[in-house]
Structure formats: structure tokens, C-alpha cells
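Report on one structure; see the data block that follows.
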Amino acid sequence: MTTPSLETARRLLREFPVVDGHNDLPWALREQVHYDLDARDIAHHQNAHLHTDLPRLREGGVGAQFWSVYVRSDLPDAVPATLEQIDCVRQLTARYPDQLRLTLTAAEMEAARADGRIASLMGAEGGHSIANSLGTLRGLYELGVRYMTLTHNDNVAWADSATDRPAVGGLSEFGREVVREMNRLGMLVDLSHVAATTMRHALDTSEAPVIFSHSSARAVCDHPRNIPDDVLERLPANGGIAMVTFVPKFVLQAAVDWTVAADENMRAHGLFHLDTTPQAMKVHQAFEERNPRPVATVATVADHLDHMREAAGIDHLGIGGDYDGTPFTPEGLDDVSGYPNLIAELLERGWSTADLAKLTWQNAVRVLGAAEDVARDLQGKRGPSNATLEELDR
């Protein structure tokens with residue numbers, strides 16, 4: 001049933017489409033079909049296999065997507081795997097030029113929107129993708145990567161993860177140098193997945209706005225992947241944005257507890273707890289039949305945004321759904337076609353169209369542009385850093 005709020009949401013998204021901070025389609029394509037794009041032709045509906053395809057991106061009002069070039073942190077060859085992920089995104093943009101456009105700057109995002117293309121950007125998920133090398137970091141930037149999440153679920157040698165035991169107490173000195181070099185390049189520092197201590201150290205260090213590409217509010221759902229209020233309150237001074245995620249185990253407290261048990265069940269079957277292959281999904285489904293899964297809704301996500309707006313302000317919010325990176329999604333946000341449902345819910349809560357334009361499009365474009373401005377200034381002051389982990393973290 002179409003409501004007046006839903007119609008208003010769709011009209012707004014035609015003018016100010018969603019910039020989504022995080023989508024794991026490249027990893028899903030790697031896992032499911034080893035990048036055989038004929039086997040998963042996203043020009044057509046892929047409802048049985050994926051959260052994401054071009055028809056549903058259009059239906060959802062997506063105007064720009066940060067494609068995650070994530071690789072698992074336990075891979076022995078993370079750098080070449082990351083390069084394969086980057087290659088996948090480039091293959092997608094080359095295959096569907098009438099729909100997708102590889103974009104590297106805020107100005108190119110605006111140009112893609114004006115031309116009716118979905119701006120396609122890349123974000124590396126986890127500092128393990130640079131193998132402790134600033135030269136590798138620069139290489140990823142040259143290939144088009146425009147943010148890097150400092151950690152994934154495991155610590156790196158120079159930064160603590162939210163879901164690992166503290167090792168360096170936040171950022172090490174080399175970790176701070178990584179942040180400084182990212183600032184000099186114009187690569188956004190992404191603080192999703194990192195420990196709260198790492199968040200605070202990065203904010204202390206960064207000369208450019210930071211992002212949380214897919215994180216929600218810890219005050220609403222007490223999961224270590226979420227953002228504490230004191231960090232949200234620092235975003236106005238930094239200029240950065242927090243992009244709310246839809247992952248049920250990060251937004252609904254009952255789902256947090258259920259997920260702990262589900263992850264233990266996966267490991268008991270000899271499977272990685274984030275595995276989304278058909279075999280793994282069968283294990284998940286059998287567990288769910290025995291233990292009904294708590295269901296998050298559009299309203300659950302909107303509760304986070306209400307709180308995040310209060311803590312950080314409307315100029316510092318965005319959206320990062322994490323589609324194709326989670327086996328479960330909230331009711332009403334089942335796939336990438338669901339964004340209008342969230343915008344309609346916020347309209348019914350009294351959010352203005354001006355506020356929603358900031359949430360969907362304007363804030364994310366502004367932040368990337370600000371990082372570019374900082375980079376131009378810093379490149380006039382200092383050259384590339386060749387510091388090493390061994391030198392700085394003795």
C-alpha cells in the first residue's frame with residue numbers, strides 16, 4: 001500500500017538520492033560466483049541470491065554507492081584479494097556504463113547524479129588491506145579507493161578493533177601516521193568497526209572529516225560496533241558523518257543476544273560466522289527454525305537516527321545499509337529497494353525535507369569534498385610519508 005509519506009519520500013529521493021556508505025556486493029560476487037558477472041547479471045533482479053541489483057537500486061532511490069572492497073582479515077594474501085575486489089567494481093562500472101559511473105570526487109558524484117548514473121565509489125574495509133605499508137595505502141588511493149576502515153573485526157598491528165581484545169590502546173604511533181597520510185591523500189578515515197579508543201584517537205589526529213560508513217548508536221543498542229554518544233558529540237567539530245546501518249544485530253538489542261548464539265552455532269559447524277554461502281545459509285536457517293530470530297523494523301533504524309540527530313546534529317548523519325554483507329535485514333528494509341520506507345518513517349516523525357536531503361545526499365558529498373580540500377592544503381605542506389611500523393612502534 002502506498003501512503004502519502006511514501007510518495008513524498010520517493011519524490012525527495014528523485015532529487016536527493018541516497019548516498020549509501022557501505023555495500024558488500026563485490027564480496028558476495030566473489031563468494032557466490034567468483035566474479036562471474038554473467039552468472040549474477042545485476043541488470044536483472046537477483047532476489048534469490050543478492051540484496052543488490054540495478055533495478056532495485058533504482059527502485060530504492062540510490063544515487064551513489066560506496067562499494068566495499070572488503071576482504072576477510074584472516075586471509076594470508078589480503079592485498080591481492082583487495083585488488084581483485086577493486087577489479088570487480090571496475091568490471092561492474094565498465095559492464096553497465098548506462099547505469100553506473102566510477103567516481104573519485106565530490107564533483108564527479110554531482111555530475112553522475114545530473115546524468116542519471118549511480119555514482120560508484122570504493123571503500124576498503126580493514127587496515128589489513130594495506131599490510132602495514134603506506135605505499136600500499138597510496139596504491140589503493142590511486143586505484144580509486146576513497147575511504148578505508150581502519151580495522152575490520154580483528155585488530156591490526158596499529159589499531160584496535162571493536163570486536164577484538166585491546167592490544168595497542170586505540171591507535172599506535174604508526175596508526176596515527178596512517179590517519180595523517182590518509183588526510184594528505186584525501187582518503188576518508190572510516191571508524192566503523194574500530195574500538196571506541198581508536199575512534200577517539202583518530203578524531204584527535206585527523207585534520208579532515210571522518211566517517212562511520214555503517215554504524216549505529218550505542219546508547220540505543222549496546223553493541224561494541226556502535227558509536228558512543230561522546231564520539232557522536234565530537235562530529236560537529238570534526239565535520240564528519242555517522243552513517244546508520246541496518247544490520248539487525250547492531251540495531252536491536254534482542255538481536256544482539258540471538259546473534260551470539262547463532263555465531264556459536266556456525267562455529268560449531270566449522271563455518272566462519274560471517275559466511276553467507278548457500279551451505280552457511282542452510283545452517284543459519286536450521287538454527288532459526290529452532291530459535292526464532294528477533295526482527296528489527298524500519299522503526300528500529302529510525303530510532304537510531306532520532307538519537308544520532310540529537311547527539312551529533314542533522315549535518316552529521318548519513319546511511320550505510322551494509323547490504324550483501326549481512327544474512328538478515330530489518331522488515332521493510334529487506335534489500336536496496338527499501339530506502340523509501342525509511343525516509344517515509346522519518347517524514348512521519350517530523351523530519352523536514354531539508355533535513356532528509358542532508359541525510360540522503362548532501363552530507364556525504366560535503367564530507368568527501370572537505371577531505372579533498374584538506375588534501376590539497378596538506379599536499380602543499382608535506383610529501384608522502386615513508387614511515388614504517390617498525391620505526392614508529394618500536
Side-chain angles (χ1 to χ4, degrees), residues 22-34 48-51 68-78 81-82 84-85 124-129 131 149-157 159-168 192-196 198 213-216 218 221-226 245-296 300 320-330 334:
H22 193 90
N23 183 301
D24 277 300
L25 175 64
W27 183 257
L29 292 171
R30 176 190 177 98
E31 290 284 278
Q32 293 183 22
V33 294
H34 196 67
H49 306 289
L50 300 167
H51 294 143
S68 176
V69 292
Y70 156 81
V71 301
R72 281 170 47 170
S73 54
D74 60 349
L75 287 181
D77 298 312
T82 302
E84 290 171 358
Q85 289 282 89
E125 189 175 18
H128 58 285
S129 286
T149 322
L150 299 185
T151 73
H152 190 244
N153 289 336
D154 301 316
N155 296 338
V156 293
D160 286 341
S161 167
T163 48
D164 202 348
R165 293 182 179 181
V168 298
S192 287
H193 279 287
V194 306
T198 308
S213 67
H214 58 308
S215 294
S216 296
R218 191 156 186 178
C221 180
D222 188 15
H223 191 287
R225 269 281 283 105
N226 287 336
T245 194
F246 301 165
V247 179
K249 66 181 179 180
F250 301 151
V251 297
L252 182 66
Q253 194 63 51
V256 174
D257 304 329
W258 182 89
T259 300
V260 171
D263 288 352
E264 289 174 355
N265 179 66
M266 287 285 282
R267 285 189 284 268
H269 285 81
L271 296 166
F272 184 62
H273 68 282
L274 294 178
D275 195 339
T276 57
T277 59
Q279 177 194 4
M281 292 309 296
K282 286 181 182 178
V283 172
H284 265 306
Q285 288 160 6
F287 177 84
E288 187 173 354
E289 287 174 4
R290 301 189 304 272
N291 306 274
R293 174 173 54 91
V295 178
T300 310
D322 204 7
Y323 285 116
D324 285 306
T326 174
F328 307 114
T329 55
D334 307 83

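Atom set for the values below is all heavy atoms of this structure, side chains included, hydrogens, waters and symmetry mates excluded. Keep in mind it's a predicted model, so treat the numbers as computed, not measured. Sequence positions, counted from 1, serve as the residue numbers for this chain.
With sequence neighbours excluded, no residue forms a salt bridge (charged side-chain N to carboxylate O under 4.0 Å, His left out) with Asp263. For Glu84, the salt bridge (charged side-chain N to carboxylate O under 4.0 Å, His left out) partners at least two apart in sequence or on another chain are Arg30. In this structure, the side chain to side chain contact (heavy atoms under 4.5 Å, CB included) partners of Ala296, at least two apart in sequence or on a different chain, are Pro248, Val251, Leu252, Thr300, Pro330. The side-chain hydrogen bond (donor to acceptor under 3.5 Å, both in side chains) check on Thr198 picks up nothing, with sequence neighbours excluded. Considering only residues two or more places apart in sequence or on other chains, Asn265 meets the side chain to side chain contact (heavy atoms under 4.5 Å, CB included) condition with His269, Val283, Phe287, Arg290. Asp77 pairs by the side chain to side chain contact (heavy atoms under 4.5 Å, CB included) definition with Pro80, not counting sequence neighbours. By the side chain to side chain contact (heavy atoms under 4.5 Å, CB included) test, Asp164 pairs with Asp154, Asn155, Ser161, sequence neighbours left out. With sequence neighbours left out, Asp74 forms a salt bridge (charged side-chain N to carboxylate O under 4.0 Å, His left out) with Arg72. Asp257 is linked by a side-chain hydrogen bond (donor to acceptor under 3.5 Å, both in side chains) to nothing, counting only residues two or more places apart in sequence or in another chain. By the side-chain hydrogen bond (donor to acceptor under 3.5 Å, both in side chains) test, Ser129 is found to be paired with Thr82, residues two or more places apart in sequence or in another chain being considered. With sequence neighbours left out, Glu288 forms a salt bridge (charged side-chain N to carboxylate O under 4.0 Å, His left out) with Arg293.
Side-chain contact between Ser68 and His214 is absent, with no heavy-atom pair separated by less than 4.5 Å. Contact annotation: the side chain of Asp322 approaches that of Asp24 to within less than 4.5 Å [non-hydrogen atoms, C-beta and beyond]. Under the 4.5 Å side-chain criterion, counting only non-hydrogen atoms from C-beta, Cys221 is in contact with Asn226.
Side chain to side chain, Ser215 and Arg225 meet the donor-acceptor criterion of an N or O pair below 3.5 Å. Looking at Thr149 and Ser192, their side chains never bring a donor and an acceptor atom within 3.5 Å of each other. His193 and Glu125 are linked by a side-chain donor-acceptor pair at a separation below 3.5 angstrom, with hydrogens and angles left out of the test.
No donor-acceptor pair closer than 3.5 Å links the side chain of Trp258 to the backbone N or O of Gln253. For the pair Asp160 (side chain) and Ala167 (backbone), a donor-acceptor distance under 3.5 Å is present. Thr326 places no side-chain N or O within donor-acceptor distance of the main-chain N or O of Val247, the cut-off being under 3.5 Å.
The nearest pair of heavy atoms linking Leu75 to Ala81 is CD1-CB, 4.0 Å. Among all heavy-atom pairs drawn from Pro224 and Thr163, the shortest one is CG-CG2, 4.4 Å. Nearest heavy atom pair, residue Gln85 against residue Trp27, reads NE2-N, 3.3 Å.
Taking OG1 from Thr259 and CE from Met266, the interatomic distance works out to 11.5 Å, rounded to the nearest 0.5 Å. One distance of note links NE2 of His51 with CG of Asp324; it measures 6.0 Å at 0.5 Å rounding. Remark: Tyr323 OH to Leu25 CG distance equals 13.5 Å, nearest 0.5 Å. One distance of note links NE2 of His223 with NZ of Lys249; it measures 6.0 Å at 0.5 Å rounding. In this structure, His128 NE2 and Thr151 OG1 are separated by 9.5 Å, a value rounded to the nearest 0.5 Å.
Taking the six-membered ring where tryptophan is involved, the planes of Tyr70 and His152 are tilted, since the angle between them lies from 30° to 60°.
Each side-chain hydrogen bond (donor to acceptor under 3.5 Å, both in side chains) pair with one or both residues in residues 273-283, not counting sequence neighbours, appears once here: Asp275-Thr277.
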